Amino acid sequence: NSKVIQTPRYLVKGQGQKAKMRCIPEKGHPVVFWYQQNKNNEFKFLINFQNQEVLQQIDMTEKRFSAECPSNSPCSLEIQSSEAGDSALYLCASSLTGNERLFFGHGTKLSVL
Amino acid sequence: QQNVQQSPESLIVPEGARTSLNCTFSDSASQYFWWYRQHSGKAPKALMSIFSNGEKEEGRFTIHLNKASLHFSLHIRDSQPSDSALYLCAVRGGSGNKLIFGTGTLLSVKP
């Protein structure tokens, strides 16, 4: 069973609505990644953190997407104004270091109607 | 910008067959190479990794890496129906530590 906990498992939003999903990384893992897996199974890197600091993020994330990993709270990814093209499985993963294997959660499946 | 491609897109093999999956990458400074497996409806899970040129074997699984040709591969010996899954290669480049995933190979092993 995955030790990376993602909530909710399913999220349904209308276009223009906010969508927020959360991730609790595996205990002791300071590095957290967010990926988007589309219906063609393509993985797109969105953002990663080490502790509370953003390491890298893509341009898409800088516009409508926001993410944070506050200390002693779950990490979160929020889409400010959902679009149909945002419908995908959002996967959170954690790691001991940036170079070790990633441990993934089961994901949040977002459907934007 | 790292470009990671996998071939074939999908593969159907009989039980007991040897299966070969391929991955090419574009950044010659890439340092870490992984294979992940995702069963339907499940979280992706790391299978194996390799960091230097050559071969690494773990049970029925073998990875080959050739940095000069920007290619690495996963070979499965005696494929089982339980190996049926989406296989993803992943590469960490020389700059930054984001892991870039390939396009995936959907493997189906028929009993």
Side-chain angles (χ1 to χ4, degrees), chain A residues 1-7 9-10 21 23-26 29-51 53-62 67 88-109, chain B residues 1-11 21 23 25-27 29-52 56 58 61 63 74 84-108:
Chain A
N1 286 335
S2 176
K3 295 180 181 178
V4 176
I5 308 299
Q6 288 190 249
T7 56
R9 288 293 295 267
Y10 303 94
M21 53 204 84
C23 169
I24 300 175
E26 186 160 338
H29 283 189
V31 183
V32 174
F33 294 77
W34 285 98
Y35 287 90
Q36 180 194 63
Q37 184 179 22
N38 67 20
K39 62 181 180 181
N40 296 321
N41 290 322
E42 295 165 339
F43 272 57
K44 180 184 285 185
F45 168 84
L46 296 177
I47 191 168
N48 61 349
F49 292 84
Q50 179 147 359
N51 296 313
E53 300 297 319
V54 174
L55 294 176
Q56 288 177 287
Q57 60 184 333
I58 64 167
D59 287 345
M60 181 178 77
T61 311
E62 292 172 2
L89 181 68
Y90 289 83
L91 289 160
C92 174
S94 70
S95 174
L96 267 175
T97 71
N99 301 324
E100 297 294 321
R101 66 177 57 199
L102 302 188
F103 291 84
F104 281 88
H106 284 97
T108 292
K109 186 171 182 180
Chain B
Q1 180 76 1
Q2 177 81 273
N3 183 26
V4 182
Q5 297 290 324
Q6 288 185 241
S7 64
E9 285 187 9
S10 62
L11 191 58
L21 309 176
C23 186
F25 53 98
S26 59
D27 184 354
S30 298
Q31 297 175 336
Y32 302 95
F33 306 86
W34 291 88
W35 282 97
Y36 282 75
R37 181 166 73 178
Q38 185 180 26
H39 286 103
S40 182
K42 303 289 186 183
K45 190 173 180 180
L47 260 181
M48 287 181 70
S49 61
I50 192 166
F51 305 139
S52 56
K56 180 178 177 182
E58 289 182 5
F61 299 88
I63 298 183
L74 176 70
S84 297
L86 179 70
Y87 287 78
L88 297 146
C89 64
V91 180
R92 177 164 287 119
S95 60
N97 69 346
K98 62 183 179 184
L99 198 60
I100 302 298
F101 283 83
T103 48
T105 294
L106 192 59
L107 173 65
S108 179

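Letters A, B, ... are given to chains in the order of the sequence lines, protein chains preceding strands, and every chain is numbered from 1. All values reported here derive from a predicted model rather than from experimental measurement.
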Next on the checklist: Testing the basics here: between A:G105 and B:A43, what is the closest heavy-atom pair and its distance to 0.1 Å?
Outcome noted: O-CB, 3.2 Å
Next on the checklist: If I measure from the heavy atoms of chain B, does A:Q37 come under 4.5 Å with its side chain, its backbone, both, or neither?
Outcome noted: side chain
Checklist entry - How far apart are the C-alpha atoms of B:Q38 and A:F43, what are their side-chain angles, what is the distance that settles it, and do they pass the side-chain contact (heavy atoms from CB on, under 4.5 Å) test? => result CA-CA 12 Å; B:Q38 185 180 26; A:F43 272 57; 4.1 Å; yes
Next on the checklist: For the CG atom of B:L99 and the CD atom of A:E100, what is their distance to the nearest 0.5 Å?
Outcome noted: 12.0 Å
Checklist entry - Within a reach of under 6.0 Å around NZ of B:K56, are more than 12 heavy atoms found that belong to other residues, nucleotides or ligands? => result yes
Checklist entry - A:L102 versus chain B, heavy atoms under 4.5 Å apart: side chain, backbone, both or neither? => result both
Checklist entry - Which atoms form the tightest heavy-atom contact between B:L88 and A:N41, and what is the distance? => result CD2-O, 4.3 Å
Next on the checklist: Less than 4.5 Å to any heavy atom of chain A: does that hold for the side chain of B:L106, its backbone, both, or neither?
Outcome noted: neither
Item to check | Test side-chain contact (heavy atoms from CB on, under 4.5 Å) applied to B:T103 - qualifying residues, sequence neighbours left out | outcome: B:Q5, B:Q6
Item to check | Contacts of type side-chain contact (heavy atoms from CB on, under 4.5 Å), residue A:N51, not counting sequence neighbours | outcome: A:P30
